[in-house]
> 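Below is the structure I would like to discuss, written out as structure tokens.
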Protein chains: 2
Amino acid sequence: MIQNIQIRELTPRHLRQSCTNCSLRELCLPIGLTPDEMQELDTIITQARPVKRGEALYRAGEPFKSLFAIRVGFFKASVISEDGREQVTGFHMSGELMGMDAISSDFHTCDAIALEDSEVCELPFGEIEELAGDVPILQRHLYKVMSREIVRDHGVMLLLGNMKAEERLAAFLLNLSQRFSIRGYSSSSFHLRMTREEIGSYLGLKLETVSRTLSKFQDQGFIKVQNRLIEIIDGDSLKKLLNNCQGE
Amino acid sequence: MIQNIQIRELTPRHLRQSCTNCSLRELCLPIGLTPDEMQELDTIITQARPVKRGEALYRAGEPFKSLFAIRVGFFKASVISEDGREQVTGFHMSGELMGMDAISSDFHTCDAIALEDSEVCELPFGEIEELAGDVPILQRHLYKVMSREIVRDHGVMLLLGNMKAEERLAAFLLNLSQRFSIRGYSSSSFHLRMTREEIGSYLGLKLETVSRTLSKFQDQGFIKVQNRLIEIIDGDSLKKLLNNCQGE
DNA sequence: CGAATTATTGAACGCTGTCAACTATAGTGG
DNA sequence: CCACTATAGTTGACAGCGTTCAATAATTCG
């Protein structure tokens, strides 16, 4: 990523490329656009925009204009109920697309908060949509990305509806591990960007339960916890926790 | 269903009309297609297909070909975890679209089971997609429908992650009430199509808790329960249950 | 370095799950 | 049509998991 930033300062063309790059996983390369089509996509996508830790990329209630592809960084998305309760609906990292919930009503329904200094690419939805009308493969890809979000949400429902605290934490750690791994980071040792309270909100647990369960995993030798640094020592045992419960 | 088949054999135009009808809420009328475009949509949508109570419209793992618009009836959608736990991810009624989770992988990820004798219209996704490329308003509508599903799922997460049993049940009943009302049925008196266990699976509760809580609501005079027949007597108190918890 | 935030840990309570017995309803076949 | 059986629903007693409240420790940030 540092590479990209340096390239960006040198050559605007490469900036666009790096912007295309940003949505690499979610929008471009894997779907096989022609160079021309990618060019066109590039002209739509505005330049990378920084979002500092703690800042909101958007907030519930704001009018919807664009989707955002995370170039670098880490975000949480959360809905706030009328009576003020926060539910974290997801944690999102580089290459992922945010804001799809807003399409339905033309207003954002979530807050998106950066949990570390981040950079996003803005994808003006109207223009993306228009381009998608001409480029079937892009259209299809958008459907797929949204569908994937629905599938992910179903997984969270399963977690919230059926699992015990230990299973939820295990699933959470394994999921993070896998996603870091895909992005070229260590799958066995990573830094949590969120507080215990935010983990708890996502998993439907109180922060004390999160803390206790992490400690328990550490006592059992499954992981090593040092504040927000997690080291997975025995991933297989964590996986067992997930399947053993009724599968036995 | 027999009626429809007969109609079809007599007058194809009427069959198609009834099919358009089926996806009325989700696909056609509200988005303002021209007669020509609706005509084209009609040719894509295959004839109404009956699904008997207890039958699966589709099952997880089956290859994905079509979305389904519910013409009449009532369905549950559920995911089954590896170790056999069922999570009901939603209940769906006439006018709603099912199967969008399958777009991402080209395989269904849910089971869709009819909870009463139903009829659906099959919308072959490939053709719908193609048409959407030519009809921006249809394309946009598909995005919106999928986005709405994501928003709905976030609402369920909030429910599962933050609410107590009473609040979940209250939210559930009020939601059903509203949806029946929109469809022209009574909002204060309706028949539950699902078992206590299925309600529980959806709400992340055990069936005993569902039963107990319904009884409690009845004792408090909020509702009248007679097996699967629900009468909402004091909807305001139910709404209060939802907001009072921390909002006070 | 001090203040604020975040995390850990303990103890007690309460909500919901579990187990069990019983009742009611619906569907089936004589 | 009725008896029978299977399924669905209700209710009670009790236990356990996670929450709540509270005190303390560690870390971050100005």
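Each chain gets a letter, A, B and so on, in the order its sequence line appears, and its residues count up from 1. Remember, it's a predicted structure, so these values are computed and weren't measured experimentally.
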> With heavy atoms under 4.0 Å as the rule, sort T195(A) into base, sugar-phosphate or nothing.
sugar-phosphate
> Would you kindly give the CD-to-C1' distance between E167(B) and dC15(C), to the nearest whole Å?
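Result: 12 Å.
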> What is the distance, rounded to the nearest whole Å, between atom NZ of K206(B) and atom P of dC17(D)?
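The distance from NZ of K206(B) to P of dC17(D) comes to 14 Å, rounded to the nearest Å.
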> Calculate the interatomic distance between E208(B) atom CD and dG9(D) atom P; express it in whole Å.
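In whole Å, dG9(D) P and E208(B) CD are 12 Å from each other.
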> Quick one: stems involving DNA chain C, counted as three or more successive Watson-Crick or G-U pairs, both distances short of 3.5 Å.
C:1-30 with D:1-30
> K164(A) has a side chain; which of dT27(D), dC17(D), dT19(D) sits nearest to it?
dC17(D)
> Evaluate whether atom CD of E86(B) has more than 12 neighbouring non-hydrogen atoms of other residues, nucleotides or ligands under 6.0 angstrom away.
yes
> Can you find a side chain N or O atom of R196(A) that sits less than 4.0 Å from OP1 or OP2 on dT8(C)?
yes
> Have a look at R168(B) and say if it touches a base, only the backbone sugar-phosphate, or nothing, with a 4.0 Å heavy-atom cut-off.
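Counting heavy atoms under 4.0 Å across all strands, no contact is made by R168(B).
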> Touch check for L214(B), heavy atoms < 4.0 angstrom, all strands: base, sugar-phosphate only, or nothing?
nothing
> Within a 6.0 Å radius of atom CZ on R228(B), are there more than 12 heavy atoms belonging to other residues, nucleotides or ligands?
yes
> Assign each of V210(A) and N227(A) to its nearest nucleotide of DNA chain D by heavy atoms, then name whichever residue's nucleotide is nearer the 5' end.
V210(A)
> For H191(A) and dT6(C), what is the distance between atoms NE2 and P respectively, to the nearest whole Å?
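Atom-to-atom, H191(A) to dT6(C), this comes out as 13 Å.
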> Surrounding OH of Y185(B) (heavy atoms of other residues, nucleotides or ligands, distance under 6.0 Å), is the total greater than 12?
no
> M163(B) has an atom CE; how far is it from atom P of dC15(C), in whole Å?
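Distance, rounded to whole Å: 17 Å.
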> Using whole Å, what does the distance between atom C1' of nucleotide dC17(D) and atom CG of L205(A) come to?
11 Å
> Checking all strands, does G200(A) fall into the base, sugar-phosphate, or nothing category for heavy-atom contacts under 4.0 angstrom?
nothing
> OP1, OP2 of dT11(D) versus side-chain N and O of S215(B): anything below 4.0 Å?
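Result: yes.
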> Measure from CD on E197(A) to P on dT20(D) and round the result to the nearest Å.
12 Å
> For the pair made of CZ in R228(A) and C1' in dA26(D), what is the distance, rounded to whole Å?
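Rounded to whole Å, this separation is 13 Å.
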> Check for a donor-acceptor pair, side chain of T109(A) on one end and backbone N or O of V151(B) on the other, with a separation under 3.5 Å.
no
> If only side-chain N and O atoms count, and only distance matters, is there a donor-acceptor pair under 3.5 Å linking D111(B) with S78(B)?
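Note: S78(B) and D111(B) side chains miss the donor-acceptor criterion.
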> Begin from the C-alpha positions of I70(A) and M93(A) and carry the test side chain to side chain contact (heavy atoms under 4.5 Å, CB included) through to its verdict.
CA-CA 6 Å; I70(A) 304 172; M93(A) 49 180 81; 5.8 Å; no
> Ignoring hydrogens and angles, answer whether the base of dG9(D) and the side-chain atoms of R212(B) contain a donor-acceptor pair closer than 3.5 Å.
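Counting by modelled atom types and ignoring angles, no donor-acceptor contact under 3.5 Å is found here.
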> Can you confirm whether E197(B) is buried at CD, in the sense that more than 12 heavy atoms of other residues, nucleotides or ligands lie under 6.0 Å from that atom?
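At most 12 heavy atoms, drawn from other residues, nucleotides or ligands, come within 6.0 Å of this atom.
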> May I ask you to evaluate whether S211(A) reaches the phosphate of dA7(C), defined as a side-chain N or O under 4.0 Å from OP1 or OP2?
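No, because none of the side-chain N or O atoms of S211(A) sits under 4.0 Å from OP1 or OP2 of dA7(C).
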> Is it true that H92(A) and F75(A) have ring centroids separated by less than 6.0 Å?
no
